[in-house]
Amino acid sequence: MTLDTVKHATGTPEAEQPWAALGLKADEYARIREILGRRPTGAELAMYSVMWSEHCSYKSSKVHLKQFGEKAPASDAMLVGIGENAGVVDVGQGYAVTFKIESHNHPSYIEPYQGAATGIGGIVRDILAMGARPVAVMDPLRFGAPDHPDTRRVLPGIVAGIGGYGNCLGLPNIGGEVVFDSCYQGNPLVNALCVGVMKHEDIHLAQASGAGNKVILYGARTGGDGIGGVSVLASETFDATGPAKRPAVQVGDPFQEKLLIECTLEVFAEKLVLGIQDLGGAGLSCATSELASAGSGGMRVELDSVPLRDATLSPEEILMSESQERMCAIVEPEKVARFLEICEKWDVIATVIGEVTEGERLEIFWHGEQIVDVPPRSVAHDGPTYQRPFARPSWQDALQADAPTAERLKRPASGEELRATVLQLAGSPNQADKSWITSQYDRYVLGNTVLSTPEDSGMVRIDEETNLGVAVATDGNGRYAKLDPYTGAQLALAEAYRNVAATGAKPLAVSDCLNFGSPEDPDVMWQFAEATRGLADACQILGTPVTGGNVSLYNQTGDVAIHPTPVVAVLGVIDDVNRRTPIGFAEEGQLVYLLGDTADEFGGSAWAQVAHDHLGGLPPKLDLERERLLAEVLIAGSRDGMVDAAHDLSDGGLAQALAESCLRGGKGVRLVVPDGLNAFTFLFSESAGRAVVSVPRSEELRFTEMCGVRGLPATRVGVVDGDSIDLQGHFTLPLAELREAHTGVIEALLG
Amino acid sequence: MARVVVDVMLKPEILDPQGQAVQRALPRLGFTGIADVRQGKRFELELEGPVDEAALARIREAAETFLANTVIEDFTVRVEQP
Amino acid sequence: MARVVVDVMLKPEILDPQGQAVQRALPRLGFTGIADVRQGKRFELELEGPVDEAALARIREAAETFLANTVIEDFTVRVEQP
Amino acid sequence: MSARIGVVTFPGSLDDRDAQRAVRLAGAEPVALWHRDQDLHQVDAVVLPGGFSYGDYLRCGAISRFSPVMDSVIEQARAGMPVLGICNGFQVLCESHLLPGALTRNDSLHFVCRDQRLRIENTGTAWTSAYVPNAEITVPLKNGEGRFVADEHTLDQLEAEGRVVARYLDVNPNGSYRDIAGISNAAGNVVGLMPHPEHAIEPLTGPGTEGLGFFASILKQLVSA
Ligand SMILES: Nc1ncnc2c1ncn2[C@@H]1O[C@H](COP(=O)(O)OP(=O)(O)O)[C@@H](O)[C@H]1O
Ligand SMILES: [Mg+2]
């Protein structure tokens, strides 16, 4: 086969090209020809096709994501916003924190272990590329029905992959989510989050500038893995019989990544790097075009100098390969020798593959012949944008009308029924103890983990002298979002925000992973539009800007999409981690206060799911000002030593929160149903804007006065006491029995 | 009793970090002249009955569906001569 | 190039939880008649030079000191016929 | 002058900074040692930390054992210098034959991270003298290949000579023979331990501070020597 050089392409304008097989539309191919003024070479076509795929170009979602910037609340904390590898937030004392959540859903369905492992590897490189030392990971997960045979295949592999990679990298896993719902059958969601810490002056950006500066590719050799993965994996739907295509799977090498981290931090410390980009989806195509596009000047790359694992790879394949554990740095010529020396110290292969040029073109050569000559912006940033049609689904009204009222769904009434319902919820897979999963993750490594599973948020200390720390929580309730995607996305934010505040940290910023079905379906597109609008509006009110995130579309089997699942991560700061608030009730005699208002709200609730397998009605109402007030009280309560334990209320309501706080602290509670509520609503309603706290008697007055002054309803509902949950006049539930129901559930399903 | 061996190796195009680690270490330990190392798994199955075509077919099926992950691995089945 | 295979198996007296897990799973998947399963490692080494006695002796030494931990594992070295 | 305790960093070491912190909190001076460097920089004792040295793809500790720094550690250990191997460090000590037996895949086949109760059964070693006999402590445990195995004869010998330094209580987390969590060499200067005492040194970041005793012991021993 002759090499398809630029010269050859110019001379053979009529040559047939496989643009359709590469996922391009006719008008997109025409536009490429228009940009170049000729037909693209094979290598150019490969680059455009991967970079213009949904996964890399966000072509369906861009028009909606814009709101995150347009509506972003003014925030002094934001140092780097959307558009870079990850957003960066100022947390004080000269520290900056970067965090981001990303999906690796499709690869994890095909090959659970490697798919999930490389999901962790990818997000960690994003954080590293900002100049930060990665300090923790989290893993929000969604699986199909817990008793479905495919869940048995997928779940253990995904968990082992996340643990296998993260543990070997030496990053503590400080939290995540595990949710089962048959809507995720065939489309499990593997979202991965990483947090990194640096000093302000260490922030690095993905840009190439300064003619003559060198482009260094370092890390693993390039092999034939994941070629086409980006366009095929992330943009094709799967039919019911399984993956429609089986593209090469990428295998991760966490040891290589650990070396890459240490080596990269060392070259940062010696100030050897001008610009840097990790290699993820679309590999070198993405890294070179993004670096060149974001900087000034052009770039020239000698592709044949790329170290290969497989000598038979074609230039197109090298450009598209998604081999893991690689980075690309821009380095001044006089610093190259030292850069290479540090790489050698860490046994990392590093190669100068090109340089920044005067011009404005990205030029790639293969054994001296030019095979790519493009304006880099046209590849990396000016891809197609779609205004996909969307419309409120015809079934939405009927779904919302199907409310779980007392007339339609039988509610427990007697003490015996209520008690059984508490047990049933605590022992249902979504509410049950997750330690079969979380015990496969190292939560101690690095020695700075202050809170991790099963606390409300993960928290790490970032300065050992001053005890400054950050907290992160992720949440997303697909059932709520299905009932009302606008409110559902806001509820996801509110819950994560509440979880961060419950541990005593002040929420600062947001990252999000939007997991949806096919954008070509107007119903799904409406869900997406509503969810982004809701999230952007809520971020504005709560004062927490979106700093970055990820979109995963085509999560559907045939024409059945998953529930719309916006997963929202909130990052907060705490001045002194010694003041963190845990969830466990540990002190006998402390008073239990319920904060917020409780209404009869069961749409999308855990109770409706567990007791009746029902999804209908409206999700809980949301009052964002109330959320903000609640957070202020929780933070002040922690700072001033007024609360010893706090737990936010979400799935399963007060009953589930109390079960978790009692089991964690090893102490029971004596409760009374407050006036004006019935026991069922008191126990199981999922009204938003609530938390339960335990208050030392000596602090009661101060605490209730604070709530009174600020106008937050605080109801004394009981006292920490004994070794059972005792709802006076209704039932007594020994903790031992509760623990029995709550633990071992996941193990029994999968073991 | 008869023994059937199932060898499972990563497909050639798939990265083999284990084999690479060994390959990188060998020269440092003074073992040179080894161009490539791949590491895989070996299963030794002891059959209760005779190793006839039917038994081998079943083992091949077990290898295909369970012992190997054919997304990334190849396997071979063979009878070990005692 | 010539290929030498090194098989490494846990010694019979050492418990092999991986093999046992496979053995327990097989009947559940409908594969019966398998009395015992052991799981070990298989290394494929591609030599640059010829596979003569000297080369094999060196590989045996690498296996003894490195590829296998002879406190718990046995190994065999053999030339794979192409 | 305070005691100098070396902490080796292999590529893939993960708990090296944590071991340094523990050394510091115990009152000694941590000295970072690099795998490629044979020079031990006149340290008084060495800690081999946890992690996945060289990726641990072949067998845990199999490659690290051959690193230049280990040549010196092995030589000095034989001459009586105190050496503590934690988790991956324990695996390296077994691979180096400074300690008998081997650490193999957990019987659950899963990595396990939990707060583990232990009994310190030998307080005569360089690393356990600060504990009262039969002290029961809780420290984190986190490993995928922590199942200690050895032949019966070796096990009997370890028991008879009092070289089982620590034993798992309540739960055997990985299937270790005779619930063994840690052992020593005959002289008592070399100790291998699967759980992580360096993660139980501050109430804020671990289950308590009961791991500090390992580092306090070595200080006591070095000061009195
Ligand atoms: N996949 C996971 N990885 C790590 N931690 C997890 C995972 N799933 C759940 N957790 C942790 O378990 C605890 C309970 O989870 P969840 O009930 O979802 O919390 P919440 O309802 O407060 O969001 C939290 O600390 C959470 O971070
Ligand atoms: Mg919570």
Side-chain angles (χ1 to χ4, degrees), chain B residues 1-10 12 16 18-52 54-68 73-78 80-81, chain C residues 1-10 12 16 18-52 54-68 73-78 80-81:
Chain B
M1 267 195 315
R3 170 178 296 177
V4 177
V5 173
V6 180
D7 287 320
V8 177
M9 300 297 292
L10 283 170
D16 172 14
Q18 314 185 67
Q20 288 205 340
V22 170
Q23 190 182 340
R24 272 199 302 267
L26 284 170
R28 271 190 268 128
L29 309 183
F31 301 106
T32 52
I34 293 166
D36 191 28
V37 180
R38 310 263 313 157
Q39 180 177 337
K41 295 178 199 151
R42 173 186 165 94
F43 296 91
E44 296 181 354
L45 312 180
E46 309 289 340
L47 299 206
E48 275 158 6
V51 191
D52 47 21
L56 280 177
R58 274 185 306 123
I59 291 181
R60 251 179 243 117
E61 196 194 327
E64 172 94 36
T65 54
F66 177 58
L67 296 178
E73 293 169 328
D74 292 327
F75 66 90
T76 59
V77 174
R78 65 200 154 76
E80 189 154 275
Q81 306 308 344
Chain C
M1 263 192 321
R3 171 177 294 176
V4 177
V5 174
V6 180
D7 287 320
V8 176
M9 301 296 293
L10 281 172
D16 170 17
Q18 306 192 63
Q20 290 202 337
V22 171
Q23 191 181 340
R24 271 196 307 270
L26 285 170
R28 268 192 268 129
L29 303 175
F31 301 105
T32 52
I34 292 166
D36 190 28
V37 180
R38 311 252 328 146
Q39 180 175 336
K41 297 175 197 156
R42 172 187 165 93
F43 298 91
E44 296 182 354
L45 312 180
E46 309 288 340
L47 299 206
E48 273 157 9
V51 191
D52 48 22
L56 281 178
R58 276 186 305 125
I59 290 181
R60 253 180 239 114
E61 195 195 328
E64 172 94 36
T65 55
F66 178 56
L67 296 177
E73 293 168 327
D74 294 325
F75 66 90
T76 59
V77 174
R78 65 200 154 76
E80 188 154 276
Q81 307 308 342

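Letters go in sequence order (proteins before strands), and every chain restarts at 1.
- Both the backbone and the side chain of B:Glu61 come within contact range of chain C, each with at least one heavy atom under 4.5 Å from a heavy atom of that chain.
- Judged as a side chain to side chain donor-acceptor pair (under 3.5 Å), and not counting sequence neighbours, B:Arg24 has no contacts.
- The stretch residues 38-47 of chain B places B:Arg38, B:Gln39, B:Gly40, B:Lys41, B:Arg42, B:Phe43, B:Glu44, B:Leu45, B:Glu46, B:Leu47 near chain C, each with some heavy atom under 4.5 Å from a heavy atom of that chain.
- For the set B:Leu67, B:Val37, B:Asp7, the count of heavy-atom pairs under 4.5 angstrom toward chain C peaks at B:Asp7.
- Atom CD1 in B:Ile59 sits 5.0 Å away from atom CD1 in C:Ile34 (nearest 0.5 Å).
- Remark: side-chain polar atoms of B:Arg58 are paired, donor with acceptor, to backbone N or O of C:Thr32 under 3.5 angstrom.
- Per-residue counts of heavy-atom pairs under 4.5 Å with chain B were compared for C:Val4, C:Leu29, C:Val5; the largest is that of C:Leu29.
- Annotation for C:Ala25 and B:Phe66: closest pair CB-CZ, 3.5 Å, computed over non-hydrogen atoms.
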